[in-house]
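These notes concern the structure reproduced below.
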Amino acid sequence: MVGSGAVASGPVRATGPLGPALLQGIRDQLRARLLPEQRATDSADERRRRLDLRLVPPALVVWAAAGAGLWLNPAWLLGLCCALAAGAGVLLLRILRRRKAGGRPHRSFLLTMMAALLLAVAAAAHSAVSSAQKHDGPVAGAIAARASVVAEVEIAGAPHALRRPGASGLSERWAVNATVKSLTARGQLLRAGAAVVIMGGEDWQRVVPGQLVRAAGKLRPPDAGKVEAGILAASSAPVTIRAADVWTAEPASLGRRFAGAAAWLDADARGLLPGMVTGDASGLDEQLKTAMKTVGLTHLTAVSGANCSLILGALLLAARSLRLARVPAAALALAGLGLFVLMVGPDASVLRAALMGAIALASLAGGRTGRGLSFLCLAVIGLLLIDPGLGTSFGFLLSVLATLGIIVLGRQIADWIPRAVPRWVAAGLAVPLSAQLLCGPVVVLLQPQFATYSLPANVLVAPLVAPVTILGTAAVPLVPLVPWLATALIGVAGFFASGVAGVARFAAGFPGAAPPWPEGAFGLLTMVLFSALTLIAVWQAAHPAQTRGLIFAAHRATAASLEQVLQRRTRRRGSARSARRGLVQPLRRGRLRVCNPYPGRNQQWPLPSPNDPRRRRRIRPPGGT
């Protein structure tokens with residue numbers, strides 16, 4: 001027998017109410033001492049994945065101010081600038097008052113909003129200057145009068161084909177952005193700097209940015225909300241006054257040489273390869289263009305953020321394979337991306353695509369979702385301050401939404417996919433799905449139809465796009481330098497481009513490839529709902545165990561709620577029946593009363609009670625004696 005002061009041999013066990021707490025404390029201390037690196041890694045991952053939303057309100061405010069500048073006249077824009085400046089002043093006073101009172105909460109948010117209002121003032125002021133030139137400039141009267149003019153214009157963008165008959169009966173029309181330098185209307189010479197869109201025949205497809213030309217035509221006002229001051233329907237071919245500089249003329253000549261070097265390929269590859277590399281889709285077959293539009297592959301025929309991301313990623317991999325440090329590798333990749341932009345033409349859409357592609361690639365490669373969102377907001381603010389006309393551009397909106405989807409949803413969807421699936425396959429599924437979920441509601445506004453096989457088609461062509469873009473881009477500068485090597489690269493890239501065309505034609509031939517979709521706001525809302533349901537379905541497919549648990553929990557909750565409703569109804573009906581039809585309180589001893597609920601009759605029949613003390617009369621059975 002062991003006394004109270006003795007110590008028993010053997011392992012020590014914690015008993016009583018203090019035992020679990022003691023063991024938990026020991027576990028916590030061991031975990032804190034032995035796993036500090038794991039805890040630091042988890043904390044770093046959490047910070048890396050956390051969304052930084054501080055720059056989202058400034059980006060939205062600047063975007064709203066830039067968009068309003070295209071719809072309001074200069075007087076209203078001046079009032080908007082004053083209101084925004086007054087709001088910034090009020091926030092500044094609140095910040096100073098908090099600082100005097102010694103309070104610090106929400107100071108960062110107030111500073112951010114004040115900076116957002118000041119940036120919005122800058123965007124609105126820029127829009128006001130452009131609006132003043134548009135409404136009150138010397139060209140405004142000629143545009144309002146729809147005058148016939150002879151204008152000297154400077155080409156500001158690459159021409160694109162309209163492919164529809166115009167007023168002059170031409171089989172093909174081309175549109176190009178330009179800036180009016182001077183024009184002669186009704187015998188008067190007017191000097192101006194208004195932006196116009198020139199629509200002309202096939203001769204206008206050879207103009208390049210920076211070229212100064214002379215043309216005759218008729219002016220007319222643009223549609224509401226457009227950036228340009230007017231539209232010039234050219235009735236003559238452009239006459240060159242000043243050629244473009246070498247930085248803009250040489251890329252255009254390289255693009256034409258590349259298209260000529262690819263002329264020996266088959267019809268689909270010959271038209272698709274220049275579009276996927278340099279954005280020149282003029283040689284694309286009409287049937288193939290319709291098929292690509294049906295399955296949602298038209299973004300491949302333009303220089304988009306995907307092209308720039310592939311070029312930047314390939315340059316980064318090449319630089320890192322040469323064992324360059326991170327900073328020199330990034331500088332080399334950015335320099336290569338700049339050369340690619342110069343090669344395809346430094347158009348505004350190309351510059352936006354390069355910027356968005358760099359942001360998306362940096363976010364996916366570094367895994368810093370919050371920082372990628374901040375970079376995107378800064379890019380949006382900077383582009384809108386430079387060009388407020390982007391506030392109502394559907395191309396700019398789609399570019400921002402696609403980049404936002406890749407940043408916010410791309411890595412999340414890729415992490416949902418099981419680890420057994422290779423990461424490149426997961427990324428190939430996550431990137432087009434995340435971009436399509438956010439761009440779908442805007443696409444149905446432009447084209448009210450649903451691309452049923454868009455996601456499978458994009459997934460199938462994803463392995464083919466990279467070799468087409470990388471090999472084709474490498475072949476462009478080699479066409480005048482090393483023609484035989486460029487021909488070999490063009491042949492390989494053309495083979496993969498034929499695969500892209502085959503996927504587009506094959507998917508477009510399936511039944512129900514492009515069913516109609518509701519137009520307007522209703523179509524937008526229904527597509528938003530469909531995108532949300534698609535995201536939920538993807539999560540459920542990637543998490544079957546959690547999905548089953550949620551289904552069972554929802555079933556239990558539904559059954560419990562229905563049971564409660566039925567019980568309440570049963571109690572309510574039972575009380576009503578007992579009050580209307582059941583046995584009521586007896587009027588006198590030995591008698592019960594039954595109420596008749598039928599309308600118009602409320603008779604009472606006395607019934608004999610088994611407790612009646614009187615002797616009951618015996619009833620004989622039939623045939624008895």
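What you see is a predicted model; the values in this text were computed from it and never measured.
With a 4.5 Å cut-off on side-chain heavy atoms, Val277 and Thr469 do not count as touching. Residues Val492 and Pro467 are not in side-chain contact: their nearest non-hydrogen atoms beyond the backbone lie 4.5 Å or more apart. Between Val400 and Trp63 there is a side-chain heavy-atom pair separated by less than 4.5 Å. Between Leu272 and Asp268 the shortest side-chain heavy-atom distance does not fall below 4.5 Å. In this structure, the side chains of Asp387 and Phe396 stay at 4.5 Å or more apart for every pair of heavy atoms. Between Leu404 and Leu438, the closest side-chain pair of non-hydrogen atoms falls below 4.5 Å.
A salt bridge between Asp285 and Arg505 is present, with a side-chain N of the basic residue lying under 4.0 Å from a carboxylate O of the acidic one. A salt bridge between Glu152 and Lys181 is absent, with no side-chain N of the basic residue lying under 4.0 Å from a carboxylate O of the acidic one. Between Glu154 and Arg242 a salt bridge is recorded (basic side-chain N to carboxylate O distance below 4.0 Å).
The backbone N or O of Thr298 lies less than 3.5 Å from a partner atom in the side chain of Thr301, making a donor-acceptor pair. With hydrogens and angles disregarded, no donor-acceptor distance shorter than 3.5 Å links the side chain of Thr473 to the backbone of Ile470. Between the Thr452 side chain and the Gly512 main chain, a donor and an acceptor come within less than 3.5 Å of each other. Under the 3.5 Å distance criterion, the side-chain polar atoms of Ser498 are matched with a main-chain donor or acceptor of Gly494. A distance-only check finds a donor-acceptor pair linking the side chain of Ser235 to the backbone of Ala216 [under 3.5 Å]. Side chain of Arg270 to backbone of Leu265: a donor-acceptor contact under 3.5 angstrom is found.
Around atom CD of Gln447, more than 12 heavy atoms belonging to other residues, nucleotides or ligands sit under 6.0 Å away.
Atoms OG and CG, on Ser434 and Leu535 in that order, are 10.0 Å from each other to the nearest 0.5 Å. Rounding to the nearest 0.5 angstrom, the gap separating the CG atom in Leu437 from the CE atom in Met527 is 10.0 Å. For the atom pair Ser454 OG and Lys293 NZ, the distance stands at 14.0 Å (nearest 0.5 Å). Distance check, rounded to the nearest 0.5 Å: CE of Met276 to CG of Leu300 gives 5.0 Å. Considering CG of Leu190 and OG1 of Thr184, their distance stands at 7.5 Å, rounded to 0.5 Å. In this structure, the separation between CZ on Phe258 and CG on Leu273 is 4.0 Å, given to the nearest 0.5 Å.
Each of Ile143, Val149, Leu183, Val197 was checked for a side chain to side chain contact (heavy atoms under 4.5 Å, CB included) with Leu232, and the lone residue meeting it is Val149.
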Dump the intermediate steps for side chain to side chain contact (heavy atoms under 4.5 Å, CB included) on Met199 and Val176, then the final yes or no. CA-CA 7 Å; Met199 295 185 179; Val176 59; over 6 Å; no
Go through it in stages, so that I can follow the logic: the residues are Ile231 and Val196, the test is side chain to side chain contact (heavy atoms under 4.5 Å, CB included), and I'd like the CA-CA distance, side-chain angles, deciding distance and then a yes or no. CA-CA 5 Å; Ile231 297 175; Val196 296; over 6 Å; no
Criterion side chain to side chain contact (heavy atoms under 4.5 Å, CB included) on Val442 and Leu401, from CA distance to verdict: CA-CA 9 Å; Val442 180; Leu401 289 178; 3.4 Å; yes
Working for side chain to side chain contact (heavy atoms under 4.5 Å, CB included), residues Leu524 and Leu445: CA-CA 7 Å; Leu524 173 66; Leu445 291 178; 4.2 Å; yes
